[in-house]
Amino acid sequence: SIMADGATAAGLSPTDSPTRGDIGVLPVFSASAPALIGAICTGTRWVANSERGLRFMRATPLAAWSLPICQRRSFSP
């Protein structure tokens, strides 16, 4: 897929168990139409930008990748 190709080109590693700092593609359902969005894992929820600001949600990502910097022990936001 184009998302996986882009993530691989950026040096991201696919993950089946997203943790804090990982990124993912989530399905979102609204009254207007279903959509796919990019989001960041907080460890317990996902956060994404929306028209009204940040949106925090629980979701199962369709795909997720780990960022190399988040895999280091010294990482702290």
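As a basis for the values below, the full set of heavy atoms in this structure was taken, side chains included, without hydrogen atoms, waters or symmetry mates.
For the residue pair D22 / T15, no side-chain donor-acceptor distance below 3.5 Å is found, with atom types taken as modelled.
Taking CZ of R55 as the reference point, atom CG of N49 lies at 11.5 Å (rounded to 0.5 Å).
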Check residues 37-45 and write down every donor-acceptor pair under 3.5 Å in which the side-chain atom is one partner and the other belongs to a residue at least two apart or another chain.
unit_1	atom_1	unit_2	atom_2	d
T42	OG1	T44	N	3.4
T42	OG1	R45	N	3.0
T42	OG1	R45	O	2.9

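Following chains of ILVMFWY side-chain contacts shorter than 4.5 Å, one cannot reach L62 starting from M57, and the two form parts of different hydrophobic clusters. F29 and V47 are members of different hydrophobic clusters when ILVMFWY side chains are connected at heavy-atom separations under 4.5 Å.
A7 meets the side chain to side chain contact (heavy atoms under 4.5 Å, CB included) test with L12, W65; sequence neighbours excluded.
For the pair G24 and W46, the tightest heavy-atom approach, listed with the atom from each and the gap, is N-CZ3, 3.5 Å.
Side-chain atoms of P18 and P61, non-hydrogen and from C-beta on, do get closer than 4.5 Å to each other.
Counted within 6.0 Å of CG on D16, heavy atoms from surrounding residues, nucleotides or ligands total 12 or fewer; the atom is thus considered open.
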